[in-house]
Amino acid sequence: MIDELNEILKNRRIKLEQLRARNINPYPYRFERTHMSSQVVGNFDLLEANGIAVRLAGRLMSIRSHGKTLFAHIKDSGGLIQIYLRKDDVGEEMFEIFTLFDLGDIIGVEGTVFRTKTGEITIRVAQFELLTKALRPLPEKWHGLQDKELRYRRRYIDLIANPEVLEVFKARTKITNLMRQFLDERGFLEVETPVLQPVYGGTNARPFETHLNALDLKLYLRIADELYLKRLVIGGIEKVYEISKDFRNEGMDRNHNPEFTMLEFYWAYADYNDLMKLIEEMYFRVATLVLGTEKIIRGENEINLAPPFKRMPYFKAMAESVGEDIFDADEKQLQEIMTARGMTLPTSRIFGRGAYLDELCKELVEPKLIQPTFLVDYPIELSPLAKKHRANPRLVERFELYVDGVEYGNGFSELNDPDDQRSRFQGQQAGRKPGDLEAHPVDDDFLFALDHGMPPTAGFGLGVDRFVMLLTGCHSIRDVIFFPIMKPEPEIQSLDKEIL
RNA sequence: GCGCCUUUAGCUCAGCUGGUAGAGCAACUGACUCUUAAUCAGUGGGUCGCAGGUUCGAUCCCUGCAAGGCGCACCA
């Protein structure tokens, strides 16, 4: 059977058997480490001066053999460190055993530290042992793993071959931790609300559907957390947030993965003005603690996240970009403006006047918002869950935050008038085809909850993946998600199948 | 969804509008007791993404399919 294996796999299998023949367990149970590679580097002077023996474990990343001696690098989570083996140190038999090791194997070593004549901190190995035999080779040492498809499908190899990948994910964790910390400090309570919901809502999007056998019930994977978090506000949790996966059954591209991470928080007795102050503080704090600076280079632009961010009224921005005030423009007039500019008519899921406004805003306004800007006071047509503007009933107290032409957050004074909410839901349904899953459904249970009284509340949502992209300089959402959705790989074969 | 592009050894890539494939690294054999993209000498390794078509002959030209990337459009 082994004869039919690829030569490289075959050689590793042969070495595995040779090791077993020498009574070496290729998969032992544990290894006592005294140091990480980074600790050896950090404490080198002390370790060297006192001749202290250190024990490290890691993956073999390179081997340079020189007859009766060899150099190698092993990698642990502290980084790479060089090891030095001499036949007269470890003995002839052990030196021979090392030749049965391959790149990618995981080994443990014990020895003293020294500096080579070229200055590299190195462990002079007195003893070593195999901790895990690898049966497949690592990618090429110099170019690493370049193929993006393989990097996403086999992220474990990507992490081994391309160490900078891990830095992005460390930053990701730091970012979510900092947002948690920021909200916790201010008395917000982190909660978990249902992923499986009988009625989806909180935004316009097409959901995933599933089925609960026990109740013979159709359920949807959540598209947003909003309506459940607001129920909790009604229940008296005055500051509440959730960081969670949401699911939208829509297109995929470098900004969209079907499952993605949202932060949403709700703050009772506050309005959207309070919210903007809090948000700019949070973005500034997270950015400076992650990056060490409030300045981000994004393409040609240097973006400054120091508050306060600019506030720009929606229709003022539109007037500046379109060249005329369009607050009173009707659907037909908006259509003419678009046609005059050679713009295609909207295909978006939003209907009526809102669709044209949305299209004009995306095309003409958003790309210009490079420095952090709150676009404020949206038309009511676009915002079925936001409260009417206190000074103008055709607007809502809503803002979206734009940085580098991309939206990085959406907040508003929450609509808490149950009758208004009911009619907005109904307005959303009007003119839509029955069964259109993108329409915001009427959530009677939520309306029932609202009838009990939700305090004045401000709420905010943020796409965490996008925010991580902004702060890490990644241009694809797949670079900030360990295992982005991929079509199944039909050719993948386990080693068993390759043997058969 | 539409357009453009990619798919060749384990990895990174060459391959001339057609004559059944090359390099580096990795692997294997040998030399070498401070190397570091170690070096030197030698050896093996391929269903050229899949399926058809054109042709005496296809990695190359044509069609279809698959997976992926990049633009555009939509949402976060």
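Values in this document were obtained by computation on a predicted structure and should not be read as measured data.
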Checklist entry - Hey, mind stepping through A:F95 and A:F98 against ring pair (Phe, Tyr, Trp, His ring centres under 6.0 Å) and telling me if it holds? => result CA-CA 5 Å; A:F95 200 78; A:F98 199 95; 7.4 Å; no
Checklist entry - Cationic tip of A:R155 within the cone over A:F483's six-membered ring, i.e. under 6.0 Å and within 45° of the normal? => result no
Is the distance from OP1 or OP2 of [N] to the nearest side-chain N or O of [X] less than 4.0 Å?
| X | N | value |
| --- | --- | --- |
| A:R12 | B:G10 | no |
| A:K68 | B:A31 | no |
| A:K148 | B:C70 | yes |
| A:R478 | B:G69 | yes |
| A:R151 | B:G69 | no |
| A:N11 | B:A27 | no |
| A:K117 | B:U35 | yes |

Next on the checklist: Can you classify the ring geometry of A:H440 versus A:F425 as parallel (below 30°), tilted (30 to 60°) or perpendicular (above 60°)?
Outcome noted: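 Geometry flag for A:F425 against A:H440: parallel rings.
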Atom pair distance, as rounded to whole Å: [atom1] in [X] and [atom2] in [N]:
| X | N | atom1 | atom2 | answer |
| --- | --- | --- | --- | --- |
| A:F101 | B:A27 | CZ | C1' | 18 Å |
| A:E250 | B:A73 | CD | P | 17 Å |
| A:M252 | B:G71 | CE | P | 15 Å |
| A:L85 | B:C32 | CG | C1' | 16 Å |

Checklist entry - Partner of B:G46 by Watson-Crick or G-U wobble geometry, both contacts under 3.5 Å, or none? => result none
Do [X] and [N] share a donor-acceptor pair, side chain to base, under 3.5 Å?
| X | N | value |
| --- | --- | --- |
| A:D253 | B:A73 | yes |
| A:D147 | B:C11 | no |
| A:Q82 | B:U35 | yes |

Checklist entry - Taking all non-hydrogen atoms of both residues, which atom of A:D246 and which atom of A:A224 are closest, and how far apart? => result OD2-CA, 3.3 Å
